[in-house]
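Please read all numbers here as calculations on a predicted model, not as lab measurements. Each chain gets a letter, A, B and so on, in the order the sequences are listed, and its residues count up from 1.
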Protein chains: 2
Amino acid sequence: MAQPEDSTDRHVARWRGHWVLETAPYDDTVEAITTRIGAIMRHLREHKKRAATEAGLQDFEYDTLHALMIRDTPGTSSPTALAADLGISPAGMSGRLEGMEKAGFIQRTTDATDRRRLGVEATPAGIEIWREVMARRGQEEDEMLGVLSAHERETLSTLLKRVTLHIEGERNR
Amino acid sequence: MAQPEDSTDRHVARWRGHWVLETAPYDDTVEAITTRIGAIMRHLREHKKRAATEAGLQDFEYDTLHALMIRDTPGTSSPTALAADLGISPAGMSGRLEGMEKAGFIQRTTDATDRRRLGVEATPAGIEIWREVMARRGQEEDEMLGVLSAHERETLSTLLKRVTLHIEGERNR
DNA sequence: GGTGAATAATTCGCTGGCGAAGTAATATGG
DNA sequence: CCATATTACTTCGCCAGCGAATTATTCACC
């Protein structure tokens with residue numbers, strides 16, 4: 001039962017001492033949750049980056065392929081829609097697609113009925129390398145969450161869902 | 001009891017149909033957890049960015065001040081240590097400090113005993129504006145996690161801690 | 001105590017990404 | 001139908017950050 005400390009415990013303990021917000025009282029548990037979520041994300045992000053690099057992709061190339069593959073229409077999109085999904089500017093998208101087309105990961109196709117529109121398609125080579133990275137990420141996620149029992153994972157997922165429902169609901173109000 | 005769907009539910013449902021990893025069986029709950037953590041992080045990150053901007057700081061300036069303030073020695077550090085905390089290169093740090101010193105948020109001081117070393121200190125103005133952003137972030141975190149009861153927050157924090165202990169333990173092995 | 005290794009920060013050349021302006025094509029409405 | 005607005009992407013000028021090389025200082029040890 002006596003859990004050892006994680007870095008967040010140390011952070012919060014230090015924090016409580018010299019930072020008390022006058023306006024809102026400082027809540028250890030809230031701070032601990034957000035800090036731990038941050039730590040987990042950082043871990044996953046770094047692992048993703050490593051997996052991508054080892055598969056021969058730059059981080060942003062993998063991100064682009066990934067955004068392309070997880071759409072409702074997997075492997076097909078438009079530059080504008082992709083940019084929106086990725087949270088980058090259309091200008092940045094042009095640059096990425098240029099390089100990735102040259103590298104053979106994606107292909108730009110022209111739309112027959114509207115010549116302003118482009119299509120972006122993942123090539124077989126792109127899909128293959130993306131799958132490679134995905135497999136590694138899946139393994140890492142399983143490994144990471146393997147410390148929890150199936151039941152605990154359900155609990156965790158449900159609690160997180162309450163939070164995401166809340167923030168997604170906010171946006172539509 | 002019948003919870004509505006969040007975006008992750010939709011993502012996972014779509015996903016299950018057209019993506020099954022041959023090597024490791026695809027686990028809905030694991031995928032849901034990581035996706036939701038990602039959604040929460042993105043929400044917090046965007047809120048942080050907005051709060052910083054509204055307070056008159058660029059995102060990276062706030063990050064720098066923050067890293068400086070949450071050290072064991074709050075408000076004081078060296079460029080190298082700060083760069084390591086922030087995960088940026090020493091070269092990038094030089095640039096940031098240059099701009100932030102001009103803007104009056106931090107100050108570089110010389111070390112009396114070792115003239116290679118510099119000190120970085122947050123100025124009163126820097127601390128003030130950082131606190132402003134912190135207050136907003138704290139409010140947002142409280143608001144976001146306010147959908148959970150205190151008891152549920154404890155549960156969530158504990159489950160997350162099991163995970164962070166695991167990934168932190170890995171690193172020291 | 002002088003020479004070579006190590007350490008701290010900066011400078012330099014380059015890259016990815018941004019916002020704004022530009023180009024090209026399609027939609028709209030009088 | 002023609003003029004104007006809108007939409008989709010690209011180009012341009014700029015900025016933040018990276019890795020490598022540079023400068024300045026201190027440490028280590030024979």
Side-chain angles (χ1 to χ4, degrees), chain A residues 42 45-46 48-50 52-54 56-68 71 73 76-103 105-122, chain B residues 42 45-46 48-50 52-54 56-68 71 73 76-103 105-122:
Chain A
R42 178 140 89 198
R45 199 161 42 234
E46 255 150 47
K48 182 202 72 176
K49 190 173 176 175
R50 220 177 38 242
T53 305
E54 284 169 10
L57 288 176
Q58 288 181 269
D59 197 36
F60 71 87
E61 292 176 324
Y62 169 75
D63 287 342
T64 309
L65 275 174
H66 190 65
L68 193 52
R71 308 209 96 229
T73 55
T76 310
S77 183
S78 74
T80 309
L82 256 192
D85 289 352
L86 287 161
I88 71 168
S89 69
M93 201 68 240
S94 280
R96 285 195 186 185
L97 293 179
E98 185 61 28
M100 290 182 70
E101 189 161 35
K102 262 185 195 148
F105 300 131
I106 58 105
Q107 212 177 320
R108 276 182 282 199
T109 61
T110 55
D111 184 307
T113 66
D114 186 341
R115 287 187 305 184
R116 289 170 305 181
R117 286 187 157 81
L118 288 186
V120 180
E121 278 182 33
Chain B
R42 182 154 65 234
R45 198 160 43 233
E46 255 149 47
K48 182 202 73 178
K49 191 173 175 175
R50 219 174 41 240
T53 304
E54 284 169 10
L57 287 176
Q58 288 181 268
D59 197 36
F60 71 86
E61 291 176 325
Y62 168 75
D63 287 342
T64 309
L65 274 174
H66 190 65
L68 193 52
R71 309 209 96 229
T73 55
T76 310
S77 182
S78 74
T80 308
L82 256 191
D85 289 353
L86 286 162
I88 72 168
S89 69
M93 202 68 239
S94 282
R96 286 194 185 185
L97 295 179
E98 184 62 28
M100 290 182 70
E101 188 161 35
K102 262 185 195 149
F105 300 130
I106 59 104
Q107 213 176 320
R108 277 182 282 200
T109 61
T110 55
D111 186 307
T113 66
D114 185 342
R115 287 186 305 182
R116 292 170 304 180
R117 286 188 158 78
L118 288 187
V120 180
E121 279 181 32

Between atom CG in A:Leu118 and atom C1' in C:dA24, what is the gap in whole Å?
12 Å
Between B:Arg108 and C:dT10, is there a contact of a side-chain N or O with OP1 or OP2 at under 4.0 Å?
yes
Nearest 0.5 angstrom please: B:Phe105 CZ to B:Gln58 CD, how far?
9.0 Å
Between D:dC27 atom P and B:Arg115 atom CZ, what is the distance in whole Å?
12 Å
For B:Pro79, report the nucleic acid contact type (base, sugar-phosphate, nothing); a contact means any heavy atom under 4.0 Å.
sugar-phosphate
Rounded to the nearest Å, what distance is computed from the CD atom of residue A:Gln58 to the C1' atom of nucleotide D:dG17?
14 Å
In whole Å, I'd like the distance from the NZ atom of A:Lys102 to the P atom of C:dT15.
12 Å
Using whole Å, what does the distance between atom C1' of nucleotide D:dT10 and atom CD of A:Glu101 come to?
14 Å
Taking atom P of C:dG17 as reference, at what distance in whole Å does atom CD of A:Glu61 sit?
10 Å
Can you tell me the distance, in whole Å, between the NZ atom of B:Lys49 and the P atom of C:dC18?
8 Å
A:Arg116 side chain: which of D:dT10, C:dA8, C:dA24 is closest?
C:dA24
How long is the straight-line distance from CD of A:Glu121 back to OG1 of A:Thr73, given to the nearest 0.5 Å?
9.5 Å
Rounded distance in Å - CG (A:Leu97) to P (D:dT10):
7 Å
Of the options D:dG17, D:dT25, D:dC9, whose atoms approach the side-chain atoms of B:Phe60 most closely?
D:dG17
Run the numbers on B:Asp63 and B:Lys48 for salt bridge (Lys or Arg N to Asp or Glu O under 4.0 Å), then give the verdict.
CA-CA 10 Å; B:Asp63 287 342; B:Lys48 182 202 73 178; 2.9 Å; yes
For A:Ala112 and A:Ala91, take the nucleotide of DNA chain C holding the closest heavy atom to each; which residue's nucleotide lies nearer the 5' end?
A:Ala91
Tell me whether the OP1 or OP2 atom of D:dC9 has a side-chain N or O from A:Arg117 closer than 4.0 Å.
no
Checking B:Leu82, B:Leu118, B:Thr64 against B:Ser77 for side chain to side chain contact (heavy atoms under 4.5 Å, CB included), the one that qualifies is B:Leu82
Of A:Ser89 and A:Asp114, whose nearest nucleotide on DNA chain C comes first from the 5' end?
A:Ser89
A:Arg45 side, atom CZ; A:Lys49 side, atom NZ - distance, nearest 0.5 Å
10.0 Å
Go through D:dA8, C:dT10, C:dG16 for me and flag the one nearest to the B:Ser94 side chain.
C:dT10
Is A:Gly119 touching bases, backbone alone, or none of the nucleic acid, heavy atoms closer than 4.0 Å?
nothing
